[in-house]
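Taking it in order: structure first as structure tokens, then the write-up.
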Amino acid sequence: MSRKRPMDDGDELLARLGSLTAQARERAELQRSRVELALALQRGMLPRDLPTATGYRLAVRYAPAYHGLNVGGDWYDAFRMSDGRIGLSIGDVQGHNIEATAFMGQVRVGLRALASVTSEPGELLALTNDLLISLGGDLFATCTFMRLDPATGVLESARAGHIPCVWATADGRSGVAEDEGGPPLGVQEAMEYPVTRYRLTQGGVFVLLTDGVVEGPSMSVEEGLDQVVRLAGIAAVAGLEAHALATAVMKGAERVGHEDDAAVLVVGHDGVLRDQERRVRGRRVQP
């Protein structure tokens, strides 16, 4: 009897370990399925096509990075508004789970829907903020919304707790946008979001991004923004296309060691087609 008991105890221990292993594997598979669903939701909610305008170029890069089995809620968007101007948004939802991804979809769709009511960036963020609060959720989002007028190059920007954008001009100037901004969306009702106006000159660029691009264990947000400022300055002076700059910025994001999503939206004004059109019109009106 005494010789068999150790074997019985060993068999029981192995059975328990096998059961625990199976349970752990089942939980891991369930969580992996949730992550795959969240990633699919992210891809489905992001725009497939970007609007076009003579003399302007838009480019995006998106890396749905996740830490362990969690996912983030970053998004970008660009769409043509009823008045002919272009709406640009980028943002980040609090949290790293499927709920954050679903909330991201609500914010993005809300912005688009309310843009039919008002295209003024400050009013649009205020309406979106009140809408999210009325839904009664616990999450919040940071966001920047810009309205680009292709006819004049004027960019009107409102920011809700989001990281500032970066700008650069063809004559070698570059920096981080200094605007007042307001609180994140979904935190407090009846908030106001001041609007700052910029002009996108020929050869210039604006870079909208999320904090996953510039902040992480290996780099502070200030260092990350400085890195993007340098890249944008080089790109503007060298006349690089928006796609090349977006790729370079996202490549630089690998240095920050981020564990979050990373999104980059670049708008550039090359002015080439517009100048060509002026020359063509000039020849047509000549006697």
Side-chain angles (χ1 to χ4, degrees), residues 34 37-51 58 60-66 70-82 85-148 156-165 179 181-195 208-213 260-265 267:
R34 288 172 59 88
L37 174 59
L39 291 174
L41 283 171
Q42 283 180 324
R43 297 188 187 99
M45 291 175 181
L46 297 175
R48 296 183 179 181
D49 301 310
L50 299 176
L58 300 181
V60 296
R61 294 293 182 272
Y62 184 72
Y66 56 90
N70 292 322
V71 295
D74 290 17
W75 86 88
Y76 65 85
D77 200 4
F79 56 94
R80 179 76 64 170
M81 294 189 287
S82 58
R85 286 178 279 194
I86 296 175
L88 308 165
S89 75
I90 195 164
D92 184 5
V93 172
Q94 167 221 12
H96 297 83
N97 49 38
I98 194 169
E99 287 77 15
T101 303
F103 188 71
M104 174 267 284
Q106 290 180 323
V107 180
R108 176 178 171 266
V109 171
L111 283 167
R112 278 213 181 200
L114 291 171
S116 63
V117 177
T118 176
S119 65
E120 200 276 334
E123 294 179 0
L124 179 56
L125 289 188
L127 289 175
T128 304
N129 175 64
D130 291 342
L131 172 63
L132 295 177
I133 290 177
S134 71
L135 296 176
D138 297 325
L139 298 178
F140 64 85
T142 66
C143 173
T144 292
F145 188 89
M146 283 188 166
R147 180 173 66 175
L148 169 65
E156 297 168 284
S157 174
R159 189 162 57 94
H162 198 67
I163 189 169
C165 65
D179 53 351
L185 303 175
V187 175
Q188 185 176 352
E189 62 182 347
M191 293 277 63
E192 295 184 356
Y193 296 89
V195 175
L208 289 72
L209 39 80
T210 59
D211 57 6
V213 179
D260 198 359
D261 294 356
V264 177
L265 171 57
V267 53

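Reckoned from all heavy atoms, side chains included, excluding hydrogens, waters and symmetry mates.
L132 and G186 get closest at one heavy-atom pair: CB-CA, 4.2 Å. For the residue pair I86 and P51, the shortest heavy atom distance occurs at CG2-CG, 3.8 Å. Scanning both residues, A190 and D130, for their nearest heavy atoms gives N-OD1, 3.1 Å. Scanning all heavy atoms of the two residues, the minimum distance from V213 to A262 falls at CG2-CB, 3.8 Å. Residues G110 and L131 come closest through the heavy atom pair CA-CD2, 4.3 Å.
Residue pairs that meet the side chain to side chain donor-acceptor pair (under 3.5 Å) test with at least one member in residues 132-142, sequence neighbours left out, are T142-H162.
In this structure, R108 contributes its side chain and D77 its backbone to no donor-acceptor pair below 3.5 Å. Although no hydrogens or angles enter the test, the distance criterion places no donor-acceptor pair under 3.5 Å between the side chain of T210 and the main chain of D92.
The side-chain heavy atoms of I90 and C165, taken from C-beta on, include no pair separated by under 4.5 Å. Side-chain atoms of L111 and F79, non-hydrogen and from C-beta on, never get closer than 4.5 Å to each other. A heavy-atom distance below 4.5 Å is found between the side chains of Y62 and D74. F145 places none of its side-chain heavy atoms less than 4.5 Å from the side chain of T128.
Note: D261 CG to M104 CE = 8.0 Å, rounded to the nearest 0.5 Å. Atom-to-atom distance recorded for L114:CG and N129:CG is 11.0 Å, nearest 0.5 angstrom. Interatomic distance, OH of Y193 versus CG of L185, reported as 5.0 Å (0.5 Å rounding).
Listed by chain and number, the residues in a side-chain hydrogen bond (donor to acceptor under 3.5 Å, both in side chains) with S89 are W75 (sequence neighbours excluded). Legend: residues meeting side chain to side chain contact (heavy atoms under 4.5 Å, CB included) with P194, ordered by chain and number and at least two apart, are E180. In this structure, V109 has no side chain to side chain contact (heavy atoms under 4.5 Å, CB included) partners at least two apart in sequence or on a different chain. For T144, there are no side-chain hydrogen bond (donor to acceptor under 3.5 Å, both in side chains) partners, not counting sequence neighbours. Checked against side chain to side chain contact (heavy atoms under 4.5 Å, CB included), F140 has the following partners two or more places apart in sequence or in another chain: Q94, P184, V187. Every side chain to side chain contact (heavy atoms under 4.5 Å, CB included) that Q188 has, sequence neighbours left out, goes to M191.
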Going through the checks in order, is the side-chain contact (heavy atoms from CB on, under 4.5 Å) test met by L135 and F103?
CA-CA 11 Å; L135 296 176; F103 188 71; 5.8 Å; no
For residues 115-127, run the donor-acceptor check on the side chains, cut-off 3.5 Å, and write out each pair with its distance to 0.1 Å, sequence neighbours left out.
{"unit_1": "S116", "atom_1": "OG", "unit_2": "A113", "atom_2": "O", "d": "2.5"}
{"unit_1": "T118", "atom_1": "OG1", "unit_2": "E120", "atom_2": "N", "d": "3.2"}
{"unit_1": "T118", "atom_1": "OG1", "unit_2": "E123", "atom_2": "OE1", "d": "2.9"}
{"unit_1": "S119", "atom_1": "OG", "unit_2": "D83", "atom_2": "OD2", "d": "3.3"}
{"unit_1": "S119", "atom_1": "OG", "unit_2": "R147", "atom_2": "NH1", "d": "2.6"}
{"unit_1": "E120", "atom_1": "OE1", "unit_2": "G122", "atom_2": "N", "d": "3.0"}
{"unit_1": "E120", "atom_1": "OE1", "unit_2": "E123", "atom_2": "N", "d": "2.6"}

